[in-house]
Asks: 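First, the structure itself, so that you have it in front of you.
These numbers come from the heavy atoms of this one structure, side chains and all, not from hydrogens, waters or symmetry mates.
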Amino acid sequence: RRDTARAADASRAALDLDPDCGFSLTVDGFVQNNLTRQFEVAANRFNEALDQDPNNPLAWLLKGNMNAFMGNGEDAVTCAARARALSPLDPHQYFFDTLSATAHLANNEYEIALAFADRSMRANNRHASTHRVRTIALQLLDRQKEAEKSATALMQLPGQFTVEGYLQNHSAATFAVGQKWTSALEAAGVPRR
């Protein structure tokens, strides 16, 4: 809670200094989507950022992530593809790949989601979101043994990942797509508590 409050305060302060700063609008959209779950505010921030700079790859990527969490798979894929096109050699490509995987997961394109997750994993195998999306994709592809192995790798990362923790902390958990992903995680062997 303290970190969420600090992040919200920092992004609000940045916007007070420059309400038209595309980066500050994008970061505040992230805070509103991922931390405070103010989805309408998040959508407005991403749209404002893109009004300022339609070629802002981070705004497109995070807007896609928001759409994925809400279950708007087609919009999520479109936004993620636009982000990748705008920054094809981004130094944080693993992050673009993870969120692209999430977009395709929301669009029920599990093979594509898995391909992006695997690509992200090759670049950064310590990113929990990558492990999570990879586990869900494998489970939804009925590749049980691989999903279980992926879930085990996820649970070995710092943070003691559980289904209940996911439900409490993840923005998608309040939407139908999040409930589907929760079931997949549990079926892959992620403990409830």
Asks: Mind checking whether N55 and W60 have side chains closer than 4.5 Å, heavy atoms only?
Replies: no
Asks: Using only atom types and a distance under 3.5 Å, with no angle test, would you say the side chain of S183 pairs donor to acceptor with the backbone of Q179?
Replies: yes
Asks: Answer yes or no: are there more than 12 heavy-atom neighbours, outside E74 itself, under 6.0 Å from its atom CD?
Replies: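 No - once you tally the heavy atoms of other residues, nucleotides and ligands closer than 6.0 Å, there are 12 at most.
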Asks: Measuring from R143:CZ to L114:CG, what's the distance to the nearest 0.5 Å?
Replies: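 Here the rounded value is 5.5 Å.
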Asks: Side chains of F95 and H127: closer than 4.5 Å at any heavy-atom pair?
Replies: yes
Asks: Would you give the length of the straight line joining atom CG of L185 to atom CD of Q139, rounded to the nearest 0.5 angstrom?
Replies: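 One gets 8.5 Å once the value is rounded to the nearest 0.5 Å.
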Asks: Is there a side-chain contact between R12 and L15 in this structure, where contact means two heavy atoms from C-beta onward sitting under 4.5 Å apart?
Replies: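 When only atoms from C-beta onward are counted, L15 and R12 do not touch, as no gap falls below 4.5 Å.
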Asks: When you look at CZ of R6, are more than 12 heavy atoms from neighbouring residues, nucleotides or ligands closer to it than 6.0 Å?
Replies: no
Asks: Going by atom types alone, do S100 and R84 pair a side-chain donor with an acceptor below 3.5 Å?
Replies: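 There is such a pair between these side chains.
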Asks: Between OG of S129 and CG of D97, what distance do you get to the nearest 0.5 Å?
Replies: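 Reported value, rounded in 0.5 Å steps: 13.0 Å.
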Asks: Checking N72 side chain against D75 main chain: does a donor-acceptor pair fall under 3.5 Å?
Replies: no
Asks: If I take atom CG from residue D20 and atom CG from residue D53, how far apart are they, to the nearest 0.5 angstrom?
Replies: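 Reported value, rounded in 0.5 Å steps: 12.5 Å.
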Asks: With rounding to the nearest 0.5 angstrom, report the CG to CE distance, N65 to M70.
Replies: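 It is 12.0 Å, given to the nearest 0.5 Å.
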Asks: Tell me whether L50 is reachable from L62 by hopping between hydrophobic residues (I, L, V, M, F, W, Y) whose side-chain heavy atoms are closer than 4.5 Å.
Replies: no
Asks: Side chains of Q168 and E164: any donor to acceptor distance under 3.5 Å?
Replies: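 The answer is no; no qualifying pair exists.
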Asks: Any link between F96 and M121 through a network of hydrophobic side chains (Ile, Leu, Val, Met, Phe, Trp, Tyr) touching at under 4.5 Å?
Replies: no
Asks: Say whether F161 and I136 are linked into one hydrophobic cluster, either directly or through other cluster members, by side-chain heavy-atom distances under 4.5 angstrom.
Replies: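 F161 and I136: one cluster.
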Asks: Which heavy atom in S24 sits nearest to a heavy atom in A14, and how many Å separate them?
Replies: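 Nearest pair, atom of S24 first, then A14: OG-CB, 3.4 Å.
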Asks: Has the side chain of N107 got a donor or acceptor atom that lies under 3.5 Å from a matching backbone atom of E109?
Replies: no
Asks: Cluster question for you: counting only ILVMFWY and a side-chain heavy-atom cut-off of under 4.5 Å, with indirect links fine, are V77 and L58 together?
Replies: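 Per the 4.5 Å side-chain linkage, V77 and L58 are not co-clustered.
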Asks: Using the rule that two of Ile, Leu, Val, Met, Phe, Trp, Tyr join whenever any of their side-chain heavy atoms come within less than 4.5 Å, decide whether F23 and L99 are in one cluster.
Replies: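 In one cluster with F23: L99, yes.
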Asks: Keeping N169 on the side-chain end and G165 on the backbone end, is there a donor-acceptor pair under 3.5 Å?
Replies: yes
Asks: To check you understand the geometry: which heavy-atom pair defines the closest contact between R134 and A117, and what is its length?
Replies: CB-CB, 3.8 Å
Asks: Is there side-chain contact between S171 and F39, with at least one heavy-atom pair below 4.5 Å?
Replies: yes
Asks: What closest approach, in Å, do N125 and H131 show between heavy atoms, and which atom pair accounts for it?
Replies: O-NE2, 2.7 Å
Asks: N47: which residues meet the side-chain hydrogen bond (donor to acceptor under 3.5 Å, both in side chains) condition with it, sequence neighbours left out?
Replies: K63
Asks: Would a distance-only check, ignoring hydrogens and angles, find a side-chain to backbone donor-acceptor pair under 3.5 Å from S11 to A8?
Replies: yes
Asks: Is the backbone N or O of Y94 less than 3.5 Å from a side-chain atom of S120, with the two atoms forming a donor-acceptor pair by type?
Replies: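 Here the side-chain-to-backbone pair exists.
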Asks: Which hydrophobic side chains are connected to F116, either touching it within the sub-4.5 Å cutoff or through other members that do?
Replies: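 The other cluster members (ILVMFWY side chains, heavy atoms under 4.5 Å, direct or chained) are I112.
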Asks: Do M66 and C79 have side chains that get closer than 4.5 Å, going by heavy atoms?
Replies: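 A side-chain contact under 4.5 Å is absent here.
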Asks: Give the minimum heavy-atom separation between A59 and T26, together with the two atoms involved.
Replies: CB-OG1, 3.4 Å
Asks: So does L25 get a backbone contact from the side chain of Q52, meaning a donor-acceptor N/O pair under 3.5 Å?
Replies: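 No, Q52 side chain to L25 backbone: no donor-acceptor pair under 3.5 Å.
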Asks: Under the rule for ring-ring contact (aromatic ring centres under 6.0 Å, His included), what residues qualify as partners of H170, not counting sequence neighbours?
Replies: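 ring-ring contact (aromatic ring centres under 6.0 Å, His included) list for H170, sorted by chain: F69, Y166.
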Asks: In the structure I gave you, are the side-chain heavy atoms of R37 and T174 within less than 4.5 Å of one another anywhere?
Replies: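 R37 reaches T174 side chain to side chain.
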Asks: Identify the heavy atoms of L167 and A173 that sit nearest to each other, and give their distance.
Replies: O-CB, 3.4 Å
Asks: If you compare all heavy atoms of Q32 against all heavy atoms of V41, which two are closest, and at what distance to 0.1 Å?
Replies: CG-CG1, 3.6 Å
Asks: Rounded to the nearest 0.5 Å, how far does CZ of R132 lie from CG of L157?
Replies: 10.5 Å
Asks: Below 4.5 Å, heavy atoms only, C-beta onward: do P191 and V163 meet side chain to side chain?
Replies: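 Not in contact.
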Asks: Could you point out which residue of T102, T98, T135, D118 forms a side chain to side chain donor-acceptor pair (under 3.5 Å) with T130?
Replies: T98
Asks: Using side-chain heavy atoms (C-beta onward) and a distance below 4.5 Å, is L140 in contact with K180?
Replies: yes
